[in-house]
> 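Got a structure here, written out as structure tokens. Questions coming.
Remember, it's 1-based here, ligands and their atoms both numbered in the order they're listed.
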Amino acid sequence: MSTKTFKVKVKRQDEAASASYWQTFDVDYTPNMNVISTLQKIAAKPVTADGKDVAPVVWDCGCLEEVCGACTMVINGRACQACSTLVDDLLEEASVIQIEPMSKFPVVRDLWVDRARMFNNLKRIKGWVPTDGTYDLGAGPQETQEEQDLRYAYSRCMTCGCCLEACPQFTKDNDFMGAQIFAQTDYFNSHATGKLLADDRLDVIMGEGGISDCGNSQNCVQVCPKELPLLNAIASVGRQATIYSIKRFFTGKK
Ligand code: SF4
Ligand code: SF4
Ligand code: FES
């Protein structure tokens, strides 16, 4: 009995500075495969559809349950997670599955990209709650259910980069921070203790690559796999920046 196969076209790049090229593989089909299991099959038998032995395809992944964001790649033209994207769904839209690395981040090798820019921006906005953990601080301030719901939604961000891949303002050669950082700024600035660093965050958000560079195209909202309320974040951070700039004007803070 012959095994059913499907074709996968992978954009490859041997190292950060080298040119990219495409290779096509025939992969044995099994029901309910995801894209990671497809790549694992290629890694186990790295032979192209025209019979050439090649180096196994390299990719990044961690959680395998759409939580870490590491396996984000562009599959059939959409930025999404390879661990939660199913082959059956992809084969319904096209007979060949096309996989390439995100285009807005430097390629390390093949489908593995360097997302450090996002993590560095989180450090720049002080994406944490400043607490002194050496003694009991007692109960925190009470929060409404609405406040908790909003922050829970923001907390689902997995720094995957889909919103930045889709954003026309975010390019490899500029400093735009993008929707992910605006959401995390609102996340920490709306926290009772996190807001102690709100001014520091707004200083960054009002600087180069900050909120004033957002073109409001809303592409980010369409693609976020965790459905973060990104429009709410952009509007909220914009309001905070306006109020803070008035405060800076009257206090003479530079
Ligand atoms: S609204 Fe448009 S420009 Fe602003 S962060 Fe989202 S995709 Fe980028
Ligand atoms: S906001 Fe959404 S798309 Fe952007 S990094 Fe976070 S989870 Fe990914
Ligand atoms: S491996 Fe973590 S999101 Fe896919």
Side-chain angles (χ1 to χ4, degrees), residues 33-40 43 57-75 78-87 89-90 99 101-105 108 110-125 127 150-172 174-188 190 204-239 241:
M33 290 171 76
N34 60 12
V35 171
I36 294 283
S37 55
T38 304
L39 293 170
Q40 284 170 334
V57 175
V58 173
W59 73 94
D60 193 10
C61 65
C63 67
L64 299 181
E65 54 182 359
E66 205 188 88
V67 172
C68 74
C71 69
T72 306
M73 46 190 83
V74 178
I75 304 169
R78 275 190 312 272
C80 53
Q81 284 64 55
C83 64
S84 55
T85 302
L86 300 177
V87 164
D89 294 340
L90 295 170
I99 312 176
M102 283 197 285
S103 65
K104 302 283 183 81
F105 298 90
V108 179
D110 293 336
L111 302 169
W112 172 20
V113 297
D114 180 357
R115 294 178 297 138
R117 179 168 165 185
M118 280 191 283
F119 297 106
N120 287 334
N121 282 337
L122 279 172
K123 284 193 253 175
R124 286 182 65 206
I125 60 141
L150 179 63
R151 267 213 312 289
Y152 177 70
Y154 285 150
S155 76
R156 287 161 49 87
C157 177
M158 55 180 169
T159 325
C160 66
C162 289
C163 56
L164 306 177
E165 179 70 13
C167 174
Q169 302 298 107
F170 186 92
T171 66
K172 270 183 181 163
N174 70 13
D175 290 324
F176 185 54
M177 286 179 268
Q180 168 243 355
I181 280 298
F182 304 146
Q184 294 312 298
T185 299
D186 205 30
Y187 177 48
F188 290 106
S190 61
V204 175
I205 287 297
M206 290 163 64
E208 199 172 332
I211 191 78
S212 62
D213 291 349
C214 171
N216 211 20
S217 61
Q218 306 184 10
N219 295 16
C220 49
V221 186
Q222 314 288 335
V223 299
C224 176
K226 295 298 186 184
E227 299 180 348
L228 262 74
L230 296 175
L231 280 190
N232 182 81
I234 291 166
S236 172
V237 169
R239 276 193 305 274

> Please check if the side chain of K104 supplies one atom and the backbone of C167 the other of a donor-acceptor pair under 3.5 Å.
yes
> Using heavy-atom distances only, which candidate in A82, C61, C68 approaches atom 2 (Fe) of ligand 3 most closely?
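Nearest heavy atom to atom 2 (Fe) of ligand 3 lies in C68.
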> Hey, does the side chain of Q180 reach the backbone of L164 with a donor-acceptor pair shorter than 3.5 angstrom?
no
> Should you measure from each heavy atom of P225, which atoms of ligand 2 turn up under 4.0 Å away?
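Reading through ligand 2 atom by atom, the close ones are 3 (S).
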> Look at atom 6 (Fe) of ligand 2 and say which protein heavy atom is nearest, naming residue and atom and giving the distance to 0.1 Å.
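Of the protein heavy atoms, C157 SG, 2.4 Å lies nearest.
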> Side chain, backbone, both or neither: which part of V221 comes within less than 4.0 Å of ligand 1 when only heavy atoms are counted?
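No part of V221 is near ligand 1 at this cut-off.
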> So, R115 side chain and T159 main chain: donor-acceptor pair closer than 3.5 Å or not?
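Answer holds: yes.
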> Hey, is there an N, O or S on C220 sitting under 2.8 Å from atom 6 (Fe) of ligand 1?
yes
> Would you please classify the geometry between the Y154 ring and the Y187 ring as parallel, tilted or perpendicular, with 30° and 60° separating the classes?
perpendicular
> Going by the order shown, which atoms of ligand 1 are within less than 4.0 Å of some heavy atom of S217?
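Close to S217: 1 (S), 2 (Fe), 3 (S), 7 (S).
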> Which of the numbered atoms in ligand 1 are below 4.0 angstrom from a heavy atom of I234?
1 (S)
> Is the number of heavy atoms from other residues, nucleotides or ligands under 6.0 Å of K172 NZ greater than 12?
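Yes - once you tally the heavy atoms of other residues, nucleotides and ligands closer than 6.0 Å, there are more than 12.
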> Can you tell me which portion of T159 lies within the under-4.0 Å heavy-atom range of ligand 2? Options are side chain, backbone, both, or neither.
backbone
> Could you list which atoms of ligand 1 come closer than 4.0 Å to a heavy atom of Q169?
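Every atom of ligand 1 under 4.0 Å from some heavy atom of Q169: 3 (S).
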> Can you tell me if N219 uses its side chain to pair, donor with acceptor, with the backbone of A166 under 3.5 Å?
yes
> Checking a contact table here: which protein heavy atom is nearest atom 3 (S) of ligand 3, and how many Å away?
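The closest heavy atom on the protein side is G69 N, 3.2 Å.
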> In terms of residue, atom name and distance, what is the protein heavy atom nearest to atom 3 (S) of ligand 2?
C163 N, 3.3 Å
> Could you walk me through whether L122 and I181 pass the side-chain contact (heavy atoms from CB on, under 4.5 Å) test, one step at a time?
CA-CA 7 Å; L122 279 172; I181 280 298; 3.9 Å; yes
> Find all atoms of ligand 3 within a distance of less than 4.0 Å from any non-hydrogen atom belonging to V67, and give their numbers and elements.
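Atoms satisfying the 4.0 Å criterion: 3 (S).
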> By number and element, which atoms of ligand 1 are closer than 4.0 Å to a non-hydrogen atom of A179?
5 (S)
> Should the proximity of I36 to ligand 3, defined as any heavy atom under 4.0 Å, be assigned to the side chain, the backbone, both, or neither?
neither
> Out of A233, A166, C167, G215, whose heavy atom is nearest to atom 8 (Fe) of ligand 1?
C167
> Numbering the atoms of ligand 3 from 1, which are under 4.0 Å from a heavy atom of C83?
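With C83 as reference, the close atoms of ligand 3 come out as 1 (S), 3 (S), 4 (Fe).
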> Looking at N219, which atoms of ligand 1 are within less than 4.0 Å of one of its heavy atoms?
7 (S)
> Around atom 7 (S) of ligand 2, find the nearest protein heavy atom and jot down its residue, atom name and distance.
M158 N, 3.6 Å
> Measuring to atom 6 (Fe) of ligand 2, does C162 have an N/O/S atom at a distance below 2.8 Å?
no
> Would you say the side-chain atoms of S236 pair up with the backbone N or O of N232, donor to acceptor, closer than 3.5 Å?
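Not confirmed, S236 side chain does not pair with N232 backbone.
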> Which atoms of ligand 3 are found less than 4.0 Å from any heavy atom of C71?
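The list of qualifying atoms is 1 (S), 3 (S), 4 (Fe).
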> For C160, counting its heavy atoms only, list the atoms of ligand 2 lying under 4.0 Å from any of them.
3 (S), 5 (S), 7 (S), 8 (Fe)
> Give a yes or no answer on whether the side chain of Q81 reaches the backbone of G69 with a donor-acceptor pair at less than 3.5 Å.
no
> Hey, which atoms in ligand 3 end up nearer than 4.0 Å to a heavy atom of E66?
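Per the distance check, 3 (S).
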> Give the atom numbers and elements of ligand 3 that come within less than 4.0 Å of a heavy atom of L64.
1 (S), 2 (Fe)
> Can you check whether F105's main-chain N or O pairs, donor with acceptor, with R117's side chain at less than 3.5 Å?
no
> Among protein heavy atoms, which sits nearest to atom 2 (Fe) of ligand 2, and what does the distance come to when rounded to 0.1 Å?
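Scanning the protein heavy atoms, the shortest distance from atom 2 (Fe) of ligand 2 goes to C224 SG, 2.3 Å.
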> Can you sort out which atoms of ligand 3 are near C63, meaning under 4.0 Å from one of its heavy atoms?
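Taking each heavy atom of C63 in turn, ligand 3 has 1 (S), 2 (Fe), 3 (S) under 4.0 Å.
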> Quick check on contacts: which atoms of ligand 1 are under 4.0 angstrom from a heavy atom of Q218?
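So the answer, numbered in order with elements, is 1 (S), 2 (Fe).
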> For C214, take its heavy atoms, then give the atoms of ligand 1 lying under 4.0 Å from any of them.
1 (S), 3 (S), 4 (Fe)
